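These notes concern the structure reproduced below.
Just so you know, ligand 1 is whichever comes first in the structure, and atom 1 is the first atom listed for that ligand. Quick caveat: nothing in here was measured; it's all calculated off a predicted structure. If you read the sequence from its start, that first residue is 1, and numbering goes on from there.
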Amino acid sequence: MSLQGYFDYNATTPVCSEAINAFVSAAKSFANPSSNYGLVKPVGNLLAEAREHVCRLIGCAIDELFFTSGGTESNNWALKGAFLHELSASPGKPAHIIVSALEHSSILEVVNYLERAFGCEVSRLDPDREGVISVESVRAALRPNTRIVSVMLANNEVGSIQPISDIARLTRSRNIHFHVDGVQAVGKIRVDVGMLGMDTLSFSGHKFYGPKGCGGLYVRRGVKLEPLMHGGGQERGYRGGTEAVAMIFAMGAAAKLADEQLDQNLQRFATYTHLLRQQLVQKIPSIIFNGPQNLSMQVPNTVSICVPGIRAEALAAILDNLNGIQVSLGSACSNNKTMSLSHVLVSMGLSDEEVKSTLRVSVGLYTQEADIHFFTDAVANAVSILNRISKPVSEDHVLTT
Ligand code: PLP
C-alpha cells in the first residue's frame with residue numbers, strides 16, 4: 001500500500017514492521033500469564049521486556065506503568081480512579097475538577113459524567129488563540145475543594161504543547177491530582193514523566209506505530225487510584241483482565257523504536273512541516289496556520305491549515321478523490337457522521353467560518369520529501385478548482401455582444 005497520500009498520522013499510524021514481527025512471535029506464546037506452570041515463563045518475559053521498553057520511552061520506573069486497552073481507557077481510569085479515591089477518602093465533600101477545553105472526548109465526557117452522576121463542580125478552561133492553556137488560568141480557577149486538574153500534553157488538532165511542568169508544580173503544592181493525556185505526545189516528542197511532574201499520564205500504542213487497542217497509564221509512585229477494571233488481579237491488582245500479551249509485546253517493540261529514533265524523527269518532521277508551510281504560503285498566499293506561532297511549542301509533525309473562504313470538507317473530498325490524499329477535518333465528525341464544529345478550534349476563539357475552513361495535516365515515519373511537494377501541489381490545485389466553482393457565473397462568462 002502506498003503511503004504517499006497519508007497525512008493523518010495523528011489519527012493513527014501504520015503498524016511498523018518491528019511491531020508486526022513482535023506480534024507474530026509473541027502470539028505463538030499462548031499461555032495465560034496468570035497460570036502457574038513452566039509454560040508461562042516465556043510469556044512473563046515478553047511482558048517484562050515490553051514494560052522495560054515503554055518505561056524507557058517515558059522515563060518511569062517498572063512499578064509505575066500499567067498496561068491498558070489504550071488512551072480512552074487510561075483517561076477514564078485516571079479521572080474516575082482519582083475521583084473515586086478522593087470520594088472514599090473524604091466522603092460527602094463535593095470535589096471540584098479543572099479541565100482544559102482542548103481535551104479529547106475521552107477526558108471531556110468523563111468529566112461530564114462525574115458532574116452528572118456525582119454532582120462535582122467543573123471549571124472548563126479555554127486556551128489562548130494559539131491553543132495553549134496558561135498556568136495562570138489554572139491558578140485562577142483553583143478553589144479550596146479542587147481535587148483534580150486535567151490538561152493534555154499535546155493537542156491532537158493543532159499540536160500545541162502545554163506548560164505541563166509549571167502546572168504540575170502548582171498542583172503538587174496544593175496536593176491536587178494532576179492527570180495529563182499524553183496520547184498525542186508519547187513517541188512523538190521527548191516525554192520524561194519525572195521532569196514533567198504529573199501524577200498520571202495516558203498513552204496509546206497506535207499513535208506511535210504500535211497496534212490499536214493497546215496503551216497504558218503511568219501512575220507516579222505513591223499516587224492512589226481506585227481501579228477501573230476489577231477482577232483477576234492482573235497489573236498488580238489495578239487492572240483486571242488477561243493481558244493482551246502479543247499486543248503489549250508489539251507495542252513494546254514500537255516503543256523501543258520510537259525511543260531510539262525520536263531525535264532524528266523530530267528533526268525530519270520539523271524539516272517536512274517547515275517545507276510544507278513554506279510551499280503552501282507560496283502557492284496559497286491567503287493561507288493561515290492555526291496553533292502556536294512559536295514552533296517550539298508545537299508537535300513538529302502537525303500543521304493546522306485554514307484556507308479562508310474554502311470549505312475544508314470540500315477540500316478534503318477533492319484531495320481524497322482526485323489525489324488519494326487523506327487529511328483530517330478541523331471539525332470533528334462524530335460516530336453518527338453528523339458534522340459538528342471542532343470544540344478545540346472554537347475554544348481557541350476561531351470564528352465558525354475559520355473552523356469550517358480548517359484542515360489538520362500530520363506527517364509521520366513513512367512521509368518522504370517528495371510527498372510534501374505532491375501534497376502542496378494537490379492542495380493548490382483543489383483550492384483553485386473550488387475558487388472557480390464558487391465564482392459567480394457572471395465573472396466566468398462575460399458575454400461580448
Ligand atoms: N487522547 C487523545 C488526545 C487522542 O488523540 C486520542 C485518539 O485519537 C485518544 C485520547 C484516545 O486514544 P485511543 O484511540 O487509544 O482510545
Side-chain angles (χ1 to χ4, degrees), residues 6-15 19 54 57-58 65-81 99-113 124 127 131-133 150-162 164 178-189 191 196 198 200-218 228-229 239 241 244 247-248 250-252 254-255 258 291 298-299 301-304 326-335 342-345 347-348 360-364:
Y6 192 63
F7 285 86
D8 201 15
Y9 283 81
N10 284 6
T12 195
T13 56
V15 184
V54 177
L57 181 64
I58 61 170
L65 179 71
F66 298 85
F67 291 125
T68 67
S69 65
T72 298
E73 180 187 330
S74 298
N75 284 337
N76 268 264
W77 179 20
L79 295 182
K80 291 175 187 165
V99 64
S100 95
L102 283 174
E103 302 297 301
H104 185 260
S105 57
S106 59
I107 294 284
L108 293 176
E109 289 185 21
V110 175
V111 172
N112 292 347
Y113 163 74
R124 296 171 179 86
V132 179
I133 297 285
S150 188
V151 178
M152 69 200 327
L153 178 41
N155 179 262
N156 40 315
E157 290 187 33
V158 296
S160 50
I161 297 174
Q162 308 302 319
I164 296 301
F178 182 28
H179 173 61
V180 173
D181 178 343
V183 168
Q184 290 289 343
V186 170
K188 287 189 188 164
I189 55 172
V191 174
L196 291 170
M198 72 287 282
T200 47
L201 173 101
S202 53
F203 60 89
S204 177
H206 76 95
K207 304 292 183 180
F208 55 90
Y209 309 92
K212 293 164 188 52
C214 189
L217 186 70
Y218 153 76
L228 184 66
M229 306 293 247
R239 202 279 182 174
M247 305 262 278
I248 291 171
M251 179 172 69
Q298 190 176 35
V299 181
N301 84 315
T302 306
V303 184
S304 171
Q326 297 85 35
V327 287
S328 177
L329 293 177
S331 46
C333 193
S334 70
N335 276 345
S342 152
H343 68 277
V344 169
L345 301 174
S347 75
M348 287 165 55
R360 174 185 74 184
V361 184
S362 45
V363 301

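Remark: the backbone N or O of G131 is paired with a side-chain donor or acceptor of Q162 at under 3.5 angstrom. Side-chain atoms of T13 come within 3.5 Å of backbone N or O of H206 as a donor-acceptor pair. The backbone N or O of N156 lies less than 3.5 Å from a partner atom in the side chain of N10, making a donor-acceptor pair. Looking only at distances, a side-chain donor or acceptor of Q298 sits under 3.5 Å from a matching main-chain atom of V158.
At a 4.0 Å heavy-atom cut-off, ligand 1 touches M152 through the side chain alone. When non-hydrogen atoms are compared, ligand 1 lies under 4.0 Å from the side chain of N75 (C-beta onward) but not from its backbone. Of the heavy atoms in D181, only side-chain atoms (C-beta onward) come closer than 4.0 Å to ligand 1. Looking at K207 against ligand 1, only its side chain comes within 4.0 Å, counting heavy atoms.
Nearest non-hydrogen protein atom to atom 4 (C) of ligand 1 is H104 CD2, 3.4 Å. Looking from atom 5 (O) of ligand 1 to the surrounding protein, the closest heavy atom is Q184 NE2, 2.8 Å. Looking only at protein heavy atoms, the nearest one to atom 16 (O) of ligand 1 is T72 OG1, 2.6 Å.
The CG atom of L79 lies 8.5 Å from the CD atom of E103; values are rounded to the nearest 0.5 Å.
In terms of polar-atom proximity, H206 is counted as a contact of ligand 1, with an N or O under 3.5 Å from an N or O of the ligand. Of the N or O atoms in S106, none lie within a sub-3.5 Å distance of an N or O in ligand 1. At least one N or O atom of G71 sits closer than 3.5 Å to an N or O atom of ligand 1.
Aromatic ring orientation, Y209 versus Y9: tilted (interplanar angle from 30° to 60°).
Interface atoms of ligand 1 facing S204, defined by a heavy-atom separation under 4.0 Å, are 13 (P), 15 (O). Near N156, meaning under 4.0 Å from any of its heavy atoms, are these atoms of ligand 1: 3 (C), 5 (O). Which parts of ligand 1 touch G70 is read off a 4.0 Å heavy-atom cut-off, strictly below it: atoms 15 (O).
Tested against E157 for a side-chain hydrogen bond (donor to acceptor under 3.5 Å, both in side chains), the candidates S342, S362, S328 yield a single pass: S342. Of the options N76, T72, N75, a side-chain hydrogen bond (donor to acceptor under 3.5 Å, both in side chains) to S202 is made by N75 and by none of the others. Just one residue in the list L217, D181, L196, V186 forms a side-chain contact (heavy atoms from CB on, under 4.5 Å) with L201, and that residue is V186.
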